[in-house]
Protein chains: 2
Amino acid sequence: MATAKGKAKSAAVAPAPTISEEGNRRGDIVRAAGRLFREKGYSATTIRDIAGAVGMRSGSPFYHFKTKHDMLLAVVLEGIRDIHAAVEVEARKDSPPRARFEAMLRAHLRQLLGEEGRDFAAALLHESRHLEAAELAEITALKDRYEAMWQALLKELKKTGEIADDSRTARLFLMGAMNWTVQWYRPEGPKGIDALAKQLAAFVLR
Amino acid sequence: MATAKGKAKSAAVAPAPTISEEGNRRGDIVRAAGRLFREKGYSATTIRDIAGAVGMRSGSPFYHFKTKHDMLLAVVLEGIRDIHAAVEVEARKDSPPRARFEAMLRAHLRQLLGEEGRDFAAALLHESRHLEAAELAEITALKDRYEAMWQALLKELKKTGEIADDSRTARLFLMGAMNWTVQWYRPEGPKGIDALAKQLAAFVLR
DNA sequence: CCTACCGATCGGTAGG
DNA sequence: CCTACCGATCGGTAGG
């Protein structure tokens with residue numbers, strides 16, 4: 001255990017690589033945890049559930065993570081990173097504001113509703129509250145940058161008269177319309193998601 | 001126990017009175033459970049938490065409810081009833097569609113964010129998934145009627161050209177904008193809530 | 001509604 | 001990463 005514990009610590013504290021870069025087993029745990037957290041919630045998911053999902057015994061996940069808390073942290077971090085990265089790509093393009101807006105909506109919704117990202121996204125949206133402010137520091141920082149991206153775009157749309165309101169509150173209304181899709185959207189291919197983005201753009205733009 | 005169990009059963013199965021009509025102790029439990037479910041989530045809340053909050057010992061809540069599940073059911077039911085009742089009052093008035101719309105937004109948001117209803121509303125929005133479809137029958141029926149009310153109003157607004165889209169999806173976008181406020185709104189009196197309703201109306205109406 | 005309790009399960013650890 | 005385990009806690013119950 002001297003060895004094992006040492007490894008566990010450095011793995012848990014490490015600069016937290018993105019999932020694709022992670023050692024396979026650690027990544028497997030994060031993905032399984034994400035799925036279970038989305039399906040049953042953090043508190044109702046047991047270490048045994050997670051271990052079982054990746055073919056481990058109940059003690060083994062603790063070789064990769066110090067606590068269940070740290071697993072949640074890894075899942076939530078993956079969630080905000082993926083969304084931020086996906087939307088930033090679209091935000092950086094210099095297409096007209098309206099087209100950029102629709103592309104950002106599409107990227108956000110794809111992360112929320114698509115198979116690749118939805119487990120992490122759901123944990124980010126609904127289970128973050130089980131983490132304390134100190135643990136959330138990196139997540140909060142990324143979230144701030146993410147929100148600023150949207151706010152800047154709303155400001156542009158206001159300037160061209162395409163949106164009625166570019167306040168913080170308006171941005172939160174918009175985020176709500178998007179994030180709530182998680183509660184009712186039933187997957188029927190990426191085509192459905194893209195159509196949803198179009199419809200939302202038409203709903204809020206003039 | 002023959003007595004106690006008999007009572008517990010009839011209390012749990014009874015036609016589920018509204019909170020104000022309930023025996024005080026049962027109502028106390030429902031209110032305490034609602035608050036704790038909102039603060040910590042259903043799974044992370046223990047019977048001992050709930051019992052402690054109303055000054056009981058850990059076994060005593062089971063005199064009023066057969067299971068923890070049934071407590072959640074009572075909380076969620078109170079949530080949908082309160083929201084439905086509050087918004088229906090506004091929907092029945094025969095003011096112009098725009099005014100009625102704003103009043104309905106206000107009523108919904110007051111239930112979500114005001115002190116009286118927010119615990120029940122939060123449980124309705126976030127903890128219902130721990131209940132099974134059969135248990136949710138009454139809740140689902142009320143929810144359907146609730147949604148139909150909104151859909152009808154959107155249709156009116158579409159006819160007068162005040163909204164761009166009156167589809168089911170549009171309604172869900174609107175619900176999302178409202179329900180998401182639970183995640184970010186910090187109470188500063190009912191004035192803040194009413195202003196929010198106005199701002200949302202202006203955001204989606206033309 | 002309390003006392004006293006039960007079996008099951010939980011997150012986590014020692015030792016390899 | 002497994003085996004074997006621990007103390008704590010959980011939902012729920014018998015009996016009054």
Side-chain angles (χ1 to χ4, degrees), chain A residues 1-14 22-33 36-37 39-75 127 130-132 135, chain B residues 1-14 22-33 36-37 39-75 127 130-132 135:
Chain A
M1 327 101 243
T3 316
K5 277 183 103 178
K7 273 201 181 174
K9 246 171 208 155
S10 66
V13 173
E22 306 200 56
N24 256 337
R25 294 311 275 160
R26 192 179 193 270
D28 289 345
I29 292 173
V30 174
R31 275 183 289 270
L36 288 159
F37 292 164
E39 287 171 4
K40 329 187 358 166
Y42 171 73
S43 300
T45 299
T46 70
I47 297 291
R48 283 160 180 83
D49 290 335
I50 297 168
V54 297
M56 285 179 181
R57 303 303 195 121
S58 69
S60 301
F62 293 106
Y63 174 75
H64 298 277
F65 293 90
K66 241 174 31 191
T67 64
K68 187 186 173 189
H69 232 69
D70 285 343
M71 295 179 204
L72 176 58
L73 195 57
V75 170
E127 310 297 336
H130 293 107
L131 298 167
E132 287 144 44
E135 304 175 297
Chain B
M1 317 80 258
T3 316
K5 276 184 106 178
K7 274 201 182 175
K9 248 170 211 157
S10 66
V13 173
E22 306 200 55
N24 256 339
R25 293 310 274 159
R26 192 178 193 272
D28 289 346
I29 292 173
V30 174
R31 275 183 289 270
L36 288 160
F37 291 163
E39 287 171 2
K40 330 188 0 168
Y42 171 73
S43 301
T45 298
T46 70
I47 297 292
R48 282 160 179 85
D49 291 334
I50 297 168
V54 297
M56 285 179 180
R57 302 303 194 126
S58 69
S60 301
F62 292 105
Y63 175 76
H64 298 277
F65 294 90
K66 238 172 36 187
T67 63
K68 188 186 172 189
H69 232 69
D70 286 342
M71 295 180 204
L72 176 58
L73 196 57
V75 170
E127 310 297 336
H130 292 107
L131 298 168
E132 287 144 44
E135 306 174 297

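Residue numbers start from 1 in every chain, and the chains themselves are labelled A, B, ... in the order their sequence lines are given, proteins ahead of strands.
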Heavy-atom closest pair, residues [X] and [Y]:
X: H130(A); Y: S43(A); value: NE2-OG, 3.4 Å
X: S58(B); Y: R48(B); value: CB-CG, 3.4 Å
X: V30(B); Y: V75(B); value: O-CG2, 3.6 Å
X: P61(B); Y: M56(B); value: N-SD, 4.1 Å
X: T45(A); Y: K68(A); value: O-NZ, 2.8 Å

Query raised in the report: Between F65(B) and L73(B), is any pair of side-chain heavy atoms under 4.5 Å apart?
Result: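 In short, these two side chains do not touch, never coming nearer than 4.5 Å.
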
Requested in this report: Using the test ring pair (Phe, Tyr, Trp, His ring centres under 6.0 Å), find all partners of F37(A) that sit at least two apart in sequence or belong to another chain.
Outcome: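 For F37(A) the ring pair (Phe, Tyr, Trp, His ring centres under 6.0 Å) partners, ignoring immediate neighbours, are Y42(A).
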
Query raised in the report: Roughly how many Å is it from OH in Y63(A) to P in dA14(C), rounded to a whole number?
Result: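 Taking OH of Y63(A) and P of dA14(C), I get 16 Å after rounding.
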
Please list each protein N or O that sits under 3.5 Å from an N or O in nucleotides 7-11 of chain D, with the distance.
from	atom 1	to	atom 2	distance (Å)
dG11(D)	OP1	T45(B)	O	3.4
dG11(D)	OP1	K68(B)	NZ	3.1
dG11(D)	OP2	I47(B)	N	2.9
dG11(D)	N7	R48(B)	NH1	2.9
dG11(D)	O6	R48(B)	NH2	3.1

Query raised in the report: Do any of residues 50-60 of chain A sit with a heavy atom less than 4.0 Å from DNA chain D, and if so which?
Result: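 Residues of residues 50-60 of chain A under 4.0 Å from DNA chain D: G55(A), M56(A), R57(A), S60(A).
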
Query - Strand DNA chain D in bracket notation, Watson-Crick/G-U under 3.5 Å with | for pairs to another chain - result: ||||||||||||||||

Query raised in the report: Distance-only, no hydrogens or angles: does the H64(A) side chain make a donor-acceptor pair with backbone N or O of G27(A) under 3.5 Å?
Result: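 No, the answer is negative, given that no donor and acceptor are paired below the 3.5 Å cut-off.
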
Query raised in the report: For T46(B), which residues count as a side-chain hydrogen bond (donor to acceptor under 3.5 Å, both in side chains) partner, sequence neighbours excluded?
Result: D49(B)

Report summary line: For D28(A), the side-chain contact (heavy atoms from CB on, under 4.5 Å) test, sequence neighbours excluded, returns R25(A), R31(A), V54(A)

